[in-house]
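Before any comments, here is the structure.
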Amino acid sequence: MWSPLLIQFFYNILMIGAIFLGFFLLLKFYLDRTPKHIMEKPASAGENILHPLRLQAYERFVLFLERSEPGGLLMRLNSAGLTALQLQSLAVKTIREEFDYNISQQLYISIPLWQMIKKCKEEAIAMINQATIELPADSSSEALVHSVFDLSMKYSPSNGITLGELKKEMEQAMTISRI
């Protein structure tokens with residue numbers, strides 16, 4: 001009834017099952033004895049590196065938005081003896097340099113927020129250029145400052161909205177990192 005070939009077959013299946021069971025028990029024993037913080041370390045180590053970089057990016061974009069606000073920027077850059085065209089050139093150059101300096105920080109923020117920040121840069125430059133165009137060619141830098149303040153009363157730049165979105169995204173990132 002039981003042929004030697006059939007007995008050998010069941011014996012081989014039993015041996016293979018015993019080997020797999022042995023490996024499984026050995027692996028389970030190892031994983032049970034390994035502290036949990038060791039197995040979680042790579043994820044938390046990566047987060048420990050990424051979290052400060054994201055916070056720094058948010059901080060740098062807040063500074064960029066505040067420093068590129070046209071009225072405040074022109075007040076900081078204005079000095080005696082500058083013409084409106086010289087102040088315009090200096091202000092546009094400053095905004096572009098500040099933006100270029102922070103461009104790599106886009107890696108740490110969302111795409112919609114990055115688009116909003118780029119829009120703020122373009123709006124600031126456009127407002128300064130528009131205010132300069134409306135002035136006579138030989139105008140003083142003080143006239144440009146006044147013209148920009150007048151324009152900012154008519155048009156509300158999106159810096160405030162963008163700052164709000166930036167803060168909201170930062171709070172969400174902080175909440176997620178605490179979990």
Side-chain angles (χ1 to χ4, degrees), residues 40-179:
E40 296 171 2
K41 197 166 203 147
S44 64
E47 183 60 33
N48 287 342
I49 292 169
L50 189 60
H51 186 67
L53 294 173
R54 289 187 80 188
L55 286 178
Q56 182 183 28
Y58 292 127
E59 179 182 296
R60 285 173 64 176
F61 283 126
V62 166
L63 283 171
F64 170 75
L65 291 170
E66 291 293 338
R67 293 176 71 175
S68 65
E69 188 278 314
L73 176 66
L74 292 179
M75 291 292 289
R76 279 194 318 277
L77 295 176
N78 192 15
S79 63
L82 284 178
T83 67
L85 288 175
Q86 289 170 328
L87 183 56
Q88 173 209 20
S89 177
L90 182 60
V92 169
K93 178 182 175 219
T94 300
I95 291 171
R96 287 188 176 137
E97 285 175 351
E98 183 88 19
F99 182 80
D100 290 345
Y101 178 75
N102 292 310
I103 203 164
S104 66
Q105 299 302 308
Q106 69 180 293
L107 295 171
Y108 304 107
I109 63 173
S110 69
I111 292 172
L113 182 59
W114 174 243
Q115 297 300 325
M116 291 175 77
I117 290 169
K118 287 189 334 186
K119 181 181 176 191
C120 287
K121 175 195 84 152
E122 295 304 323
E123 285 178 356
I125 291 172
M127 183 180 285
I128 293 168
N129 289 340
Q130 181 63 36
T132 306
I133 289 171
E134 294 175 359
L135 294 174
D138 60 343
S139 296
S140 69
S141 59
E142 289 82 18
L144 178 58
V145 172
H146 290 293
S147 181
V148 165
F149 277 114
D150 289 343
L151 274 178
S152 65
M153 294 297 177
K154 293 178 190 174
Y155 308 107
S156 104
S158 57
N159 279 32
I161 295 169
T162 304
L163 273 170
E165 288 299 314
L166 197 149
K167 290 175 184 177
K168 190 186 314 179
E169 186 174 304
M170 184 188 78
E171 288 172 2
Q172 289 172 345
M174 295 286 291
T175 303
I176 291 170
S177 69
R178 284 187 217 142
I179 294 175

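Count residues from 1 along the sequence.
Taking CZ of Phe64 as the start and CG of Leu166 as the end, the distance is 11.5 Å to the nearest 0.5 Å. To the nearest 0.5 Å, atom CG of residue Leu65 and atom SG of residue Cys120 are 5.0 Å apart. Rounding to the nearest 0.5 angstrom, the gap separating the CE atom in Met170 from the CD atom in Glu59 is 9.5 Å. In this structure, Asp150 CG and Ser152 OG are separated by 7.5 Å, a value rounded to the nearest 0.5 Å. From Ser147, atom OG reaches atom CD of Glu142 across 13.0 Å, with rounding to the nearest 0.5 Å. For the atom pair OG (Ser104) and CG (Leu53), the distance works out to 10.0 Å, reported to the nearest 0.5 Å.
Glu122 places no side-chain N or O within donor-acceptor distance of the main-chain N or O of Lys119, the cut-off being under 3.5 Å. Judged by distance alone, with hydrogens and angles left aside, the side-chain atoms of Arg67 form no donor-acceptor pair with the main-chain N or O of Thr94 at under 3.5 Å. Proximity of a side-chain donor or acceptor of Thr132 to a complementary backbone N or O of Ile128 within less than 3.5 Å is detected. A donor-acceptor pair is defined here as one N or O able to donate and one able to accept, closer than 3.5 Å; such a pair exists between the side chain of Gln86 and the backbone of Thr83. Side-chain atoms of Arg60 come within 3.5 Å of backbone atoms of Tyr101 as a donor-acceptor pair (strictly under, hydrogens ignored). The main-chain N or O of Ser110 is found under 3.5 Å from a side-chain atom of Glu169 such that the two form a donor-acceptor pair.
Partner of Lys121 under the side chain to side chain contact (heavy atoms under 4.5 Å, CB included) criterion, chosen from Ile95, Asn102, Asp100: Ile95.
Looking at every heavy atom in both residues, Gln106 comes nearest to Phe61 through N-CZ, 4.0 Å. Shown here for Leu73 and Ala91, the closest heavy-atom pair between the two residues is CD2-O, 3.7 Å. Scanning all heavy atoms of the two residues, the minimum distance from Leu144 to Ala84 falls at CD2-O, 3.3 Å. Shown here for Gly71 and Val148, the closest heavy-atom pair between the two residues is N-CG1, 3.9 Å.
For the pair Ile109/Ile117, a side-chain contact is recorded, criterion being any heavy-atom separation below 4.5 Å from C-beta on.
By the 6.0 Å contact criterion, CG on Leu107 is enclosed, its count of non-hydrogen atoms from other residues, nucleotides or ligands being greater than 12.
Of the N and O atoms on the side chains of Glu98 and Ser68, not one donor lies less than 3.5 Å from an acceptor on the other residue.
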